J.: 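Handing you a structure now.
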2 protein chains.
Amino acid sequence: MAESNYHHGDLKNALIAAGVEILAREGIASLSLRSVARRAGVSHSAPYAHFSDKQTLIAAISTEGFRRLYSKLDTALNAHSAEPGRQLVACGQAYMRFALNERDIFKVMFSGVLEQEKEYPEFVEISQATFQLLVKVVDACQEKGILRPAPTDLLATAIWGQVHGLVSLALEKQISHTVLDLHPLDEVLLFTLNQFSQVPLTL
Amino acid sequence: MAESNYHHGDLKNALIAAGVEILAREGIASLSLRSVARRAGVSHSAPYAHFSDKQTLIAAISTEGFRRLYSKLDTALNAHSAEPGRQLVACGQAYMRFALNERDIFKVMFSGVLEQEKEYPEFVEISQATFQLLVKVVDACQEKGILRPAPTDLLATAIWGQVHGLVSLALEKQISHTVLDLHPLDEVLLFTLNQFSQVPLTL
DNA sequence: ACCTGAACACCGTTCAAGT
DNA sequence: ACCTGAACACCGTTCAAGT
């Protein structure tokens with residue numbers, strides 16, 4: 001607590017952690033370069049020693065978000081190995097739970113807070129790795145005849161879009177009450193995934 | 001040009017129009033209460049006579065965005081009356097074109113810029129009317145056997161989620177190059193819509 | 001090399017005052 | 001009723017200076 005934070009040691013990661021905490025505790029509206037610096041216990045201009053601007057810091061926070069999402073999906077996958085249909089459903093559910101439980105970091109990752117004029121290679125790498133996780137599941141489903149024959153990455157994109165869109169609309173409170181009053185969101189998700197499946201998917 | 005803008009007459013709508021223009025010309029990063037006031041030619045505190053805070057102004061701008069989206073979808077619908085399959089494809093395309101051509105107002109409408117602690121009745125009304133447009137098309141498709149039997153509003157939600165998710169991922173540059181290099185976005189959209197259809201949908 | 005503090009041009013919001 | 005202008009507490013970014 002009372003440590004000298006001159007030569008902090010790992011201020012860069014401390015700033016990323018502070019940003020993640022602010023998103024979880026106070027929400028996206030409170031995420032500023034200065035609030036992140038305050039939470040990390042340094043002056044408001046200290047972050048510029050490690051990030052060239054606010055966008056670069058947000059890219060690093062988004063990258064950490066993708067690492068957490070990747071981890072959740074990987075766990076969901078491993079819990080149902082050799083049952084690709086269940087893996088697909090578990091991935092969809094894990095994606096939805098991540099979005100609902102960690103709303104604000106999910107929004108930072110996907111809601112254009114990160115304007116991508118620059119490249120951010122670590123961000124691109126983990127987001128592509130996440131997509132490849134889905135491609136693997138979709139491929140396994142196709143081999144078992146659960147999903148129809150089609151270019152695997154095209155089908156994976158369609159399924160990602162389906163789940164992502166449903167979750168995004170839910171976060172924005174755009175899903176009609178005539179639907180939600182009769183069907184909990186988990187059921188809506190299952191219904192949407194079943195549009196792609198040749199055999200009924202269940203939980 | 002050189003009019004007295006004391007007692008502007010319709011400053012409220014002038015501010016909304018100014019906000020829409022800023023989104024189209026300068027982008028979401030430039031949308032501030034003060035920039036909107038500047039473009040409308042009034043002082044930075046004048047908007048408070050018509051909007052209780054920035055969120056309420058953004059809600060009004062989002063409402064105008066939904067009116068424009070509604071109008072595009074309605075036009076797409078009327079261009080293919082009595083051919084529900086084509087209506088569905090045309091709606092999906094119109095939704096995608098709106099998002100790509102008017103990126104920043106689309107983002108304001110859907111990307112959580114509008115934190116919905118308050119209600120904004122006009123916003124809710126036009127967004128529900130837009131959903132009902134889709135419900136009508138889906139219902140017509142079901143009657144013709146193009147879409148499978150299922151609760152119509154559930155199916156409409158699934159299709160909206162599919163198109164919205166695909167478009168959102170495209171805006172965030174999250175769609176893999178292994179997909180986009182082989183398939184233009186229009187084709188990916190058609191592929192995703194065909195997941196729902198019992199007969200092949202075309203343009 | 002890493003961090004501070006003053007400075008600058010912005011921002012949202014409030015409020016007394018002007019017409 | 002509608003709008004202005006000063007004021008306040010924020011924000012991102014820069015830069016000279018400190019250790």
Side-chain angles (χ1 to χ4, degrees), chain A residues 1-19 21-23 25-62 104 108 112-118 120, chain B residues 1-19 21-23 25-62 104 108 112-118 120:
Chain A
M1 285 291 174
E3 284 178 26
S4 157
N5 45 29
Y6 225 98
H7 291 106
H8 185 287
D10 194 9
L11 181 55
K12 183 170 183 175
N13 284 306
L15 290 167
I16 295 170
E21 277 177 42
I22 287 173
L23 286 173
R25 295 151 107 113
E26 302 170 44
I28 203 165
S30 298
L31 185 75
S32 68
L33 225 162
R34 289 170 99 113
S35 71
V36 167
R38 263 194 309 271
R39 179 169 278 272
V42 292
S43 78
H44 62 262
S45 51
Y48 286 95
H50 304 276
F51 302 99
S52 61
D53 55 17
K54 192 193 180 188
Q55 280 300 306
T56 309
L57 172 57
I58 286 185
I61 295 170
S62 298
D104 290 84
V108 168
V113 182
L114 180 57
E115 314 262 354
Q116 281 159 310
E117 61 280 350
K118 289 178 199 165
Y120 313 118
Chain B
M1 285 289 174
E3 286 176 25
S4 156
N5 47 27
Y6 224 96
H7 291 104
H8 185 286
D10 195 10
L11 181 55
K12 183 169 184 177
N13 283 306
L15 289 166
I16 295 170
E21 277 177 43
I22 286 172
L23 286 172
R25 295 153 107 111
E26 301 171 45
I28 203 165
S30 298
L31 185 74
S32 70
L33 226 161
R34 289 170 99 113
S35 70
V36 168
R38 262 194 310 272
R39 178 168 278 272
V42 292
S43 78
H44 62 262
S45 52
Y48 286 94
H50 302 277
F51 302 99
S52 60
D53 55 18
K54 191 194 181 187
Q55 280 301 305
T56 309
L57 172 56
I58 286 184
I61 294 169
S62 298
D104 289 84
V108 168
V113 181
L114 180 57
E115 315 262 353
Q116 281 158 312
E117 61 281 351
K118 290 179 198 164
Y120 314 117

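All figures in this text were calculated on a predicted structure; none of them were measured in a lab. Each chain gets a letter, A, B and so on, in the order its sequence line appears, and its residues count up from 1. These values consider heavy atoms only, across backbone and side chains, with no hydrogens, waters or symmetry-generated copies.
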J.: Please confirm whether the shortest side-chain N or O distance from B/His50 to OP1 or OP2 of D/dC3 is below 4.0 Å.
T.: yes
J.: Does C/dT4 have OP1 or OP2 sitting under 4.0 Å from an N or O in the side chain of A/Arg34?
T.: no
J.: Please determine, for D/dA1, whether a Watson-Crick or G-U wobble partner exists with both distances under 3.5 Å, and give it or none.
T.: C/dT19
J.: Relative to the 5' end of DNA chain C, which residue comes earlier, B/Gln55 or A/Ala46, by the nucleotide with the nearest heavy atom?
T.: A/Ala46
J.: Please find the pair of heavy atoms, one from A/Ala40 and one from A/Ala14, that lie closest to each other, and give the distance.
T.: CB-O, 4.4 Å
J.: When the distance from CG of B/Asp10 to C1' of D/dC2 is rounded to whole Å, what number comes out?
T.: 13 Å
J.: Quick check on DNA chain D: between A/Ser52 and A/Arg38, whose nearest nucleotide comes earlier from the 5' end?
T.: A/Arg38
J.: Rounding to a whole Å, what distance do you find between B/His44:NE2 and D/dA7:P?
T.: 12 Å
J.: Would you check if B/Lys118 and B/Gln55 make a side-chain contact, meaning some heavy-atom pair closer than 4.5 Å?
T.: no
J.: How about A/Leu31 and A/Ile61: do any of their side-chain heavy atoms sit closer than 4.5 Å?
T.: yes
J.: Give a yes or no answer on whether the side chain of A/Thr56 reaches the backbone of A/Phe51 with a donor-acceptor pair at less than 3.5 Å.
T.: no
J.: Between the base of D/dG5 and the side chain of B/Ser45, is one N or O donor paired with an acceptor at under 3.5 angstrom?
T.: yes
J.: Can you tell me the distance, in whole Å, between the CG atom of A/Asn13 and the P atom of C/dC2?
T.: 13 Å
J.: Expressed in angstrom and rounded to an integer, what is the separation of B/Ile58 atom CD1 from C/dC11 atom P?
T.: 13 Å
J.: Could you let me know what C/dT14 is paired to, Watson-Crick or G-U wobble, both distances under 3.5 Å, or none if it's on its own?
T.: D/dA6
J.: Specify the separation, in whole Å, of atom OH of B/Tyr48 and atom P of D/dG5.
T.: 17 Å
J.: Expressed in angstrom and rounded to an integer, what is the separation of A/Lys12 atom NZ from C/dC3 atom P?
T.: 12 Å
J.: Measure the distance from NZ on B/Lys54 to P on D/dC10 and round it to the nearest whole Å.
T.: 17 Å
J.: Any side-chain heavy-atom pair from A/Leu114 and A/Val108 closer than 4.5 angstrom?
T.: no
J.: Between C/dC11 atom P and B/Leu31 atom CG, what is the distance in whole Å?
T.: 11 Å
J.: Below 4.0 angstrom from OP1 or OP2 of D/dC11, is there any side-chain N or O of A/Ser32?
T.: yes
